[in-house]
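All values derive from a computational prediction rather than experimental measurement.
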Amino acid sequence: MTEDDRLYRAPRNAIGPPHGADKDGRAGAGRVLIARFDWPSGAVVQPVEALWISGDRVLVEWPLDWQRVERRRTWLPRDDVAARVRVR
């Protein structure tokens, strides 16, 4: 297995990092949040760690032992990351 074989494809809702120097962003300080990942097989909501919080996007990381692959960080739209989920 090559290194590339171990990489997940990015979720469909992944976005790129902020452009230029992100002066409005701040460190996520390891805060545990909940993120929605839109995979080809369906949406998954799971706990993540916030690494960087920008105006409209968040860099998240999920624990390596959940997925046995190298890619475990991705930028998601801020609307797909929250501190809690409201259930009606």
**Item:** Pairwise distance OG1(Thr74) to CD1(Ile15) - rounded to 0.5 angstrom
**Value:** 8.5 Å

**Fill in**
What one should report as the nearest heavy-atom pair of Leu33 and Ala82 is CB-O, 3.4 Å

**Prompt:** Can you check whether Asp38's main-chain N or O pairs, donor with acceptor, with Asn13's side chain at less than 3.5 Å?
**Reply:** yes

**Item:** For Trp75 against Pro18, the heavy-atom pair lying closest together
**Value:** CH2-CD, 3.4 Å

**Request:** Specify the closest pair of heavy atoms between Arg78 and Ser54, including all atoms of both residues, with the distance to one decimal.
**Result:** NH1-O, 3.2 Å

**Complete:** Nearest heavy-atom approach of Arg36 to Leu76 is O-CD1, 4.0 Å

**Prompt:** Between the side chain of Arg57 and the main-chain N/O of Gly16, is any donor-acceptor distance below 3.5 Å?
**Reply:** yes

**Prompt:** What distance separates Leu59 CG from Glu49 CD, expressed to the nearest 0.5 Å?
**Reply:** 10.0 Å

**Fill in**
Heavy-atom nearest pair, Ala35 first then Val81, reads CB-CG2, 4.2 Å

**Message:** Take a 6.0 Å sphere around CZ of Arg12 and say whether it holds more than 12 heavy atoms from other residues, nucleotides or ligands.
**Reply:** yes

**Fill in**
Closest non-hydrogen atoms of Phe37 and Gln46, given as atom of the first, atom of the second and distance, are CE1-CG, 3.6 Å

